[in-house]
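Residue numbers start from 1 in every chain, and the chains themselves are labelled A, B, ... in the order their sequence lines are given, proteins ahead of strands.
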Amino acid sequence: DAGVIQSPRHEVTEMGQEVTLRCKPISGHNSLFWYRQTMMRGLELLIYFNNNVPIDDSGMPEDRFSAKMPNASFSTLKIQPSEPRDSAVYFCASSQQGGHTEAFFGQGTRLTVV
Amino acid sequence: GEDVEQSLFLSVREGDSSVINCTYTDSSSTYLYWYKQEPGAGLQLLTYIFSNMDMKQDQRLTVLLNKKDKHLSLRIADTQTGDSAIYFCAETSIGSYIPTFGRGTSLIVHP
């Protein structure tokens, strides 16, 4: 397996624009996580899906953020409208629940909102 | 919510041992993890320990767990420049598969 695949790797957008980040988890994994990493706040969990169903979205900052997982092999994180304070690296991770649970991370999307 | 704390920076000389420390608050933690993040990359699992163990060794890595004090450490023997990275402590607890991560410790290895 190629691992967790995220796209794009880098995104620069103007304030107010819609941004969509994409993630393909590892085949067979039933859990998917979206994280945001900044210098100020470290690694924050935004949302957790299990079997394509959102289980915990308490980390989603506000209504401008939304995430979907239409099937087991694809998820999106959308920000509309984007703001400069959304600039961060966004990671998608997947895992297979049971016992010790290793989370496999994608390479991340570096988002810059100007 | 539950919390995982780490110091933000550690600087060591090449060839010395590095010890990265972590404290956590969740008394129901079942697994504790160390992840490594190299520049421009995602996190990658280095090692993990089950909460009923107090030590685990894997080549140059030694993990120590003091469950009473809720303290976890990662020792890297003979630290190399390639070990320079951010190291994250994480835990999962009974009934939850959502890992809680610390802020990460930046390890800087200088010659």
Side-chain angles (χ1 to χ4, degrees), chain A residues 2-10 21 23-26 29-51 53-60 88-112, chain B residues 1-9 20 22-24 26 28-53 56 58 61 63 65 72 85-108:
Chain A
V4 176
I5 299 172
Q6 291 187 246
S7 64
R9 286 296 310 276
H10 302 274
L21 311 182
C23 175
K24 181 181 187 308
I26 291 174
H29 283 186
N30 59 3
S31 295
L32 184 138
F33 309 85
W34 281 100
Y35 288 91
R36 177 171 69 176
Q37 185 178 34
T38 60
M39 287 290 289
M40 290 295 292
R41 301 169 72 93
L43 198 64
E44 301 173 275
L45 177 67
L46 300 177
I47 188 167
Y48 159 57
F49 291 88
N50 182 246
N51 292 322
V53 175
I55 302 299
D56 183 351
D57 65 354
S58 58
M60 295 286 262
V89 181
Y90 291 81
F91 286 104
C92 176
S94 71
S95 69
Q96 178 60 39
Q97 281 190 11
H100 107 81
T101 305
E102 176 178 356
F104 291 81
F105 281 74
Q107 295 274 66
T109 296
R110 181 174 293 277
L111 173 65
T112 304
Chain B
E2 303 303 341
D3 209 9
V4 177
E5 298 281 344
Q6 304 177 238
S7 55
L8 294 183
F9 298 98
I20 304 171
C22 167
T23 57
Y24 59 97
D26 188 355
S28 65
S29 291
T30 49
Y31 287 96
L32 295 118
Y33 307 83
W34 285 104
Y35 283 80
K36 179 182 181 182
Q37 183 183 28
E38 297 188 353
L43 282 69
Q44 193 164 18
L45 182 68
L46 263 185
T47 185
Y48 69 94
I49 188 168
F50 188 48
S51 59
N52 70 351
M53 299 169 63
K56 180 177 182 181
D58 183 1
L61 305 179
V63 178
L65 174 61
L72 182 75
I86 304 175
Y87 291 81
F88 289 86
C89 173
E91 62 91 22
T92 53
S93 54
I94 295 170
S96 172
Y97 296 104
I98 303 175
T100 301
F101 286 89
R103 292 283 306 268
T105 299
S106 288
L107 175 64
I108 300 158

Looking at A/Q6, A/Q107, A/R110, which makes the most heavy-atom pairs under 4.5 Å with chain B? A/Q107

Go through it in stages, so that I can follow the logic: the residues are B/T47 and B/D58, the test is side chain to side chain donor-acceptor pair (under 3.5 Å), and I'd like the CA-CA distance, side-chain angles, deciding distance and then a yes or no. CA-CA 8 Å; B/T47 185; B/D58 183 1; 4.9 Å; no

Kindly confirm or rule out a cation-pi arrangement of B/K56 over B/Y48, judged by NZ or CZ under 6.0 Å from the six-membered ring centre and within 45° of its axis? yes

Measure distances from B/Q44 to the heavy atoms of chain A and classify the residue's part below 4.5 Å as side chain, backbone, both or neither. neither

Residue B/F50 versus chain A: region with a heavy atom under 4.5 Å: neither

If one checks every heavy atom of A/D56 against chain B at 4.5 Å, the contacting part turns out to be side chain

Listed partners of B/F101 passing ring-ring contact (aromatic ring centres under 6.0 Å, His included), at least two apart: A/Y35, A/F105, B/Y35

Side chain to side chain donor-acceptor pair (under 3.5 Å) between B/T105 and B/Q6: does it pass, once the steps are laid out? CA-CA 6 Å; B/T105 299; B/Q6 304 177 238; 3.0 Å; yes

Considering only residues two or more places apart or on different chains, which pairs with a residue in residues 39-48 of chain B satisfy salt bridge (Lys or Arg N to Asp or Glu O under 4.0 Å)? none

Measure A/R9 against the heavy atoms of chain B and call it side chain, backbone, both or neither at under 4.5 Å. side chain

Go through the atoms of A/Q37 and report whether side chain, backbone, both or neither lie under 4.5 Å from a heavy atom of chain B. side chain

